[in-house]
Amino acid sequence: MPEIENCIFCKIVKGSIPAEKVLETEKILVFKDISSKAPVHLLAIPKEHVADLKGISILGKDLFEAIAKVSEVAGINSTGFRVVMNQGQDAGQEIEHIHFHILGGRKLLWPPG
Ligand code: AMP
Ligand code: ZN
């Protein structure tokens with residue numbers, strides 16, 4: 001799996017920086033967000049470095065299958081949850097390795113700020 005230099009999420013995939021992993025498949029990793037915004041706040045990423053939605057292609061299927069699975073593992077499947085992908089500066093994207101936030105465990109405001 002090629003690692004992109006200085007990409008935090010590539011380092012998590014490689015294991016060179018730690019993360020609390022919740023689910024791992026051949027192509028996808030789900031781990032806890034380090035600064036959780038809800039009782040359950042997970043990040044689902046492709047293990048391969050994909051910068052944005054244009055590059056996601058068929059990995060999208062694997063990602064959403066992993067998200068569905070992890071919602072059961074995390075116990076938020078019946079109470080509900082939100083999936084968020086921030087792309088670009090107006091959305092406040094900080095890390096340029098595509099990631100889907102999975103938020104749950106409390107009532108979530110809509111629309112977000
Ligand atoms: P975004 O603003 O959509 O790019 O979100 C990046 C997310 O990555 C934020 O919610 C951060 O709290 C989270 N994050 C940054 N570094 C780490 C890390 N080392 N482990 C887990 N989550 C992280
Ligand atoms: Zn990366």
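Everything numeric in this text was worked out from a predicted model, so none of it was measured. Order of listing sets the numbers, starting from 1, for every ligand and every atom in it.
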N/O donor-acceptor pair under 3.5 Å between His99 side chain and His97 backbone: yes

Enumerate the protein N/O/S atoms at a distance below 2.8 Å from the Zn ion (ligand 2), ignoring waters. Cys7 SG, Cys10 SG, His49 ND1, His97 ND1

Using side-chain contact (heavy atoms from CB on, under 4.5 Å) as the criterion, point out the one residue from Val22, Val83, Leu23 that pairs with Leu42. Val22

Would a single hydrophobic cluster contain both Phe31 and Phe100, if residues Ile, Leu, Val, Met, Phe, Trp and Tyr are joined by side-chain heavy-atom contacts under 4.5 Å? no

Sub-3.5 Å donor-acceptor pair from the side chain of Arg82 to the main-chain atoms of Leu109, do we have one? yes

Just distance, no hydrogens or angles: give the donor-acceptor pairs under 3.5 Å from side chains in residues 84-95, sequence neighbours left out.
residue, atom, partner, partner atom, Å
Gln87, OE1, Leu53, N, 3.2
Gln93, OE1, Gly88, N, 2.7
Gln93, NE2, Ile95, O, 3.0

Salt-bridge test for Lys47 and Glu24: reply yes if a basic N is under 4.0 Å from a carboxylate O, no otherwise. yes

According to the salt bridge (Lys or Arg N to Asp or Glu O under 4.0 Å) rule, which pairs have a member within residues 29-39, sequence neighbours left out? Glu20-Lys32

So if you build clusters from Ile, Leu, Val, Met, Phe, Trp, Tyr with side-chain heavy-atom gaps below 4.5 Å, do Leu59 and Ile12 land together? no

In order of chain and number, which residues sit within 4.0 Å of ligand 1 by heavy atom? Ile8, Phe9, Ile12, Phe31, Lys32, Asp33, Ile34, Ser35, Lys37, Leu43, Asn86, Gly92, Gln93, Glu94, Ile95, His99, His101

Test Glu65 against Lys69 for salt bridge (charged side-chain N to carboxylate O under 4.0 Å, His left out), laying out the working first. CA-CA 6 Å; Glu65 282 172 1; Lys69 176 80 184 154; over 6 Å; no

